[in-house]
Amino acid sequence: MKKVGFFRSIQLKFIIIYILLLLVAIQVIGSFFTTELENNLMESFEKSIEARVELLSYNLEQAFQRERDEEDPNEPSLEAEIRGIVSEVDPQDITTLQVVNNQSRVIAATGFGSQDDIDKKTTRPIIQRTLTTNSPEISKNVKDNDRFYVLSQPIVDEKDPDIVLGVIYLEASLEPVYKQLMNINEIFFQGSVLAITVSAFIGILVARTITKPIIEMRRQAQKMARGDFTQKVNVYGWDEIGHLSETFNDLNNQLKHSYATIEEERRKLSSVLSNMSDGVIAIDSSGAITLMNEAAGRLIGHNPDEMVGEFLLDVLHLEEKMVDISELHESGAMIIDFSDDEQDFILRANFSTVYDDEEDITGFITVISDVTEQEKVEAERREFVSNVSHELRTPLTTMKSYVEALTDGAWEDKEIAPKFLHVVHNETDRMIRMVNDLLQLSKMDAKEYPLQKERVEFVDYFHQIIDRFEMQAPKGIQLKSELPNGSYYVWMDKDKMTQVLDNIISNAIKYSPEGGTIKLNVEYRRHHLLTSIQDQGLGIPYDKLEKIFERFYRADKARTRKLGGTGLGLAIAKELVEAHHGQIWAASKEGKGTTIYFTLPLMNQKRRGA
């Protein structure tokens, strides 16, 4: 997990919030303070002006009302007296001061450029309105980017206030007031900046005291995510954060215990899955594989890690059998054929559903196992039962037909009755041979058919077998043997091996055409003897050579039944040869005959092997 930068941290957020609150407070206080200060300064300024104007108005009123002796040269004139009074006015902040008589003529004036207006009539509208209305008028205006306070004050007769004697016109600059206000605002701003700086520093300290336990809990949470539950969070106090830290430590203990329990269960499950001979595949509700053990990977021929995320129906080749993954829980179990041209491979898949607390399907568990051998055995059993039923039904049907014919009166016919009885006798013998062969095979399968082995010189023994068949062979069939010189001893059961040779040689005689030759050879090999019996019959197709040793298999079924075969002779021969630690196989070409080979280990070699 990446470290949180300062500009994204909660510490900065605390500081910003703290400063913003302070700024809002300063803004509110500053606005109120500035407004009130401006009002107070303006009020003081106006009172100062009004006080001076009031005094000036009183003096001018007295001057206008005083009776003068025009013949006395020492007595000043009205204009001179008014100018003297105006000159004594404190000029602070006053830029223009004019005294106008009721004829709109300027009598006295102070200020830059105002001396030129003396003895001239003024046209200022504010003065004309005051003369007309006999009421003072105050205004504020801006001239040359300077703000001014303008006052037009009427001078009235003391005895008759309705009589206007003149007007006092005054202009006072407001810039000193606003400059003073600006200076105070600058001082207030500097104080605010200092307060914000100090507050930011204090905010950092306060934020650290709050965020430090949170940072420690974050680090501990990261360690807990990695499975480290050894450390604890420091508790710095018993406030809400302290209680949170204490609760976090309790959570750490609980998670440590739970994690240990889960890890133990996980190891058990992993061990079970790894050592199972059956494959286990877990999938989610969409059908994607989330878990596969090694056994499943071996069975389907894929790396389990590479299969995570793949779709189960594609992996098990089930896309043709089912369209929706939700159908899995309905199928229960399924046989999947992975066979190819080289080998058979059959799997059984059992499906079970995984539910959550609300009984909703969250996934499926698939258990697959190799049932190739079981299916083969089952198929062989079904085929064996079918073949036995078929083989027994044929003679029984024949016997029933002839018995019914005899019952219907054929027994009275002296020519037909013996023939029918002869057929019934032959079919009965055939059934007896078949049942005996089946019993023998059954005992071999159950390992209840012991061999009575003895030391036998095989070449002399094979001569005796050949001599017996030469005496019994039909006319036109010639037996030709090629045997090695010397003595070769084999550890075997003579009766069982005689049965093997009788089955093979009898088949060669049965399938050989009239005038054919049967070759019987024995060759010495390093550790065993190789025996071969070759006929000149019709031969067997290449793709059927392996099947002639299967039970009830016949290359030519019609001819075999005609000759009285049971289809079990070569199967018995194969079992007996393998019981002697040998091998048996066939080679054939269609139209050129068939050769049966089998090997028997020499006695000394067998002893060393034992």
Side-chain angles (χ1 to χ4, degrees), residues 339-344 376 379-380 382-384 386-388 390-391 394 430 433-434 437-438 440-441 444 462 465-466 469 472-474 476-482 497-523 525 528-580 582-600:
S339 304
D340 52 25
D341 297 335
E342 297 181 357
Q343 64 177 0
D344 295 331
K376 283 184 178 180
E380 290 177 358
R382 290 192 297 267
E383 184 179 1
F384 178 75
S386 176
N387 289 335
V388 169
H390 183 71
E391 294 296 332
T394 301
R430 181 183 169 194
R433 289 196 303 274
M434 185 183 301
D437 289 343
L438 288 172
Q440 184 177 355
L441 285 171
M444 289 180 180
F462 198 42
I465 299 295
I466 296 172
F469 272 98
Q472 300 175 358
I477 300 297
Q478 181 181 2
L479 274 67
K480 183 179 180 181
S481 62
E482 185 177 342
M497 192 53 59
T498 299
Q499 185 179 1
V500 171
L501 291 171
D502 285 352
N503 286 336
I504 297 174
I505 297 174
S506 297
N507 284 342
I509 293 173
K510 289 177 184 178
Y511 290 103
S512 292
E514 186 176 353
T517 300
I518 299 174
K519 296 181 180 179
L520 301 99
N521 297 334
V522 175
E523 298 180 21
R525 298 297 172 88
H528 59 264
L529 292 178
L530 174 63
T531 304
S532 62
I533 294 92
Q534 180 181 4
D535 62 41
Q536 295 178 341
L538 297 177
I540 302 171
Y542 179 79
D543 59 341
K544 297 180 180 179
L545 276 176
E546 292 296 328
K547 297 182 179 181
I548 65 174
F549 296 100
E550 296 179 2
R551 300 172 187 184
F552 293 109
Y553 181 81
R554 297 186 179 92
D556 187 350
K557 295 182 179 180
R559 187 180 178 192
T560 302
R561 288 197 180 94
K562 184 177 180 181
L563 296 174
T566 62
L568 299 172
L570 289 179
I572 294 174
K574 181 175 183 296
E575 295 286 344
L576 291 175
V577 169
E578 291 178 350
H580 284 80
Q583 296 180 349
I584 187 169
W585 68 94
S588 179
K589 290 185 179 180
E590 292 187 75
K592 295 186 179 180
T594 303
T595 303
I596 304 295
Y597 299 90
F598 70 88
T599 62
L600 291 174

* Under the side chain to side chain contact (heavy atoms under 4.5 Å, CB included) criterion, do F462 and L501 qualify, and how do the steps go? -> CA-CA 9 Å; F462 198 42; L501 291 171; 3.8 Å; yes
Could you give the distance from [atom1] ([X]) to [atom2] ([Y]), rounded to the nearest 0.5 Å?
| X | Y | atom1 | atom2 | answer |
| --- | --- | --- | --- | --- |
| I477 | Q536 | CD1 | CD | 8.5 Å |
| I518 | Y511 | CD1 | OH | 12.5 Å |
| K480 | Q534 | NZ | CD | 10.5 Å |

* Asked: Nearest heavy-atom pair of G539 and T594: which atoms, and what distance?
  ->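 Minimum heavy-atom separation between G539 and T594: CA-OG1, 3.6 Å.
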* **Nearest atoms (heavy-atom pairs only) where I509 meets P474** =>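 Heavy atoms of I509 and P474 come nearest at CG2-CD, 3.6 Å.
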Tell me, please, which residues at least two apart from [X] pass side-chain hydrogen bond (donor to acceptor under 3.5 Å, both in side chains).
| X | value |
| --- | --- |
| T595 | none |
| S481 | none |
| E523 | R525 |
| T531 | none |

Are the side chains of [Y] and [X] in contact, using a 4.5 Å heavy-atom criterion?
| X | Y | value |
| --- | --- | --- |
| Q499 | I572 | yes |
| K519 | S532 | no |
| L600 | M497 | yes |

* Can you list the residues that meet the salt bridge (Lys or Arg N to Asp or Glu O under 4.0 Å) rule with K574, with sequence neighbours excluded? ->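 Testing K574 for salt bridge (Lys or Arg N to Asp or Glu O under 4.0 Å), a comparison that skips the adjacent residues, returns E578.
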* Any chance you could lay out the side chain to side chain contact (heavy atoms under 4.5 Å, CB included) test for I465 and I505, step after step, and finish with the verdict? => CA-CA 10 Å; I465 299 295; I505 297 174; 3.9 Å; yes
* **Side chain S512, main chain D535, donor-acceptor under 3.5 Å** =>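 No; zero donor-acceptor contacts below 3.5 Å.
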* To do: Apply ring pair (Phe, Tyr, Trp, His ring centres under 6.0 Å) to F549 and list each qualifying residue two or more places apart in sequence or on a separate chain.
  =>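 Partners of F549 by the ring pair (Phe, Tyr, Trp, His ring centres under 6.0 Å) criterion come out as none, since no residue qualifies.
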* To do: Test S588 against Y542 for side chain to side chain contact (heavy atoms under 4.5 Å, CB included), laying out the working first.
  => CA-CA 7 Å; S588 179; Y542 179 79; over 6 Å; no
Under the criterion side chain to side chain contact (heavy atoms under 4.5 Å, CB included), which of [options] is the partner of [X]?
| X | options | value |
| --- | --- | --- |
| F598 | L576, L530, I533 | I533 |
| W585 | L545, T599, I596 | T599 |
| V500 | I504, T498, N503 | I504 |

* Please report the C-alpha distance between E482 and V522 in whole Å, then the side-chain angles of each, then the deciding distance to 0.1 Å, and finally whether the side chain to side chain contact (heavy atoms under 4.5 Å, CB included) criterion is met. => CA-CA 7 Å; E482 185 177 342; V522 175; over 6 Å; no
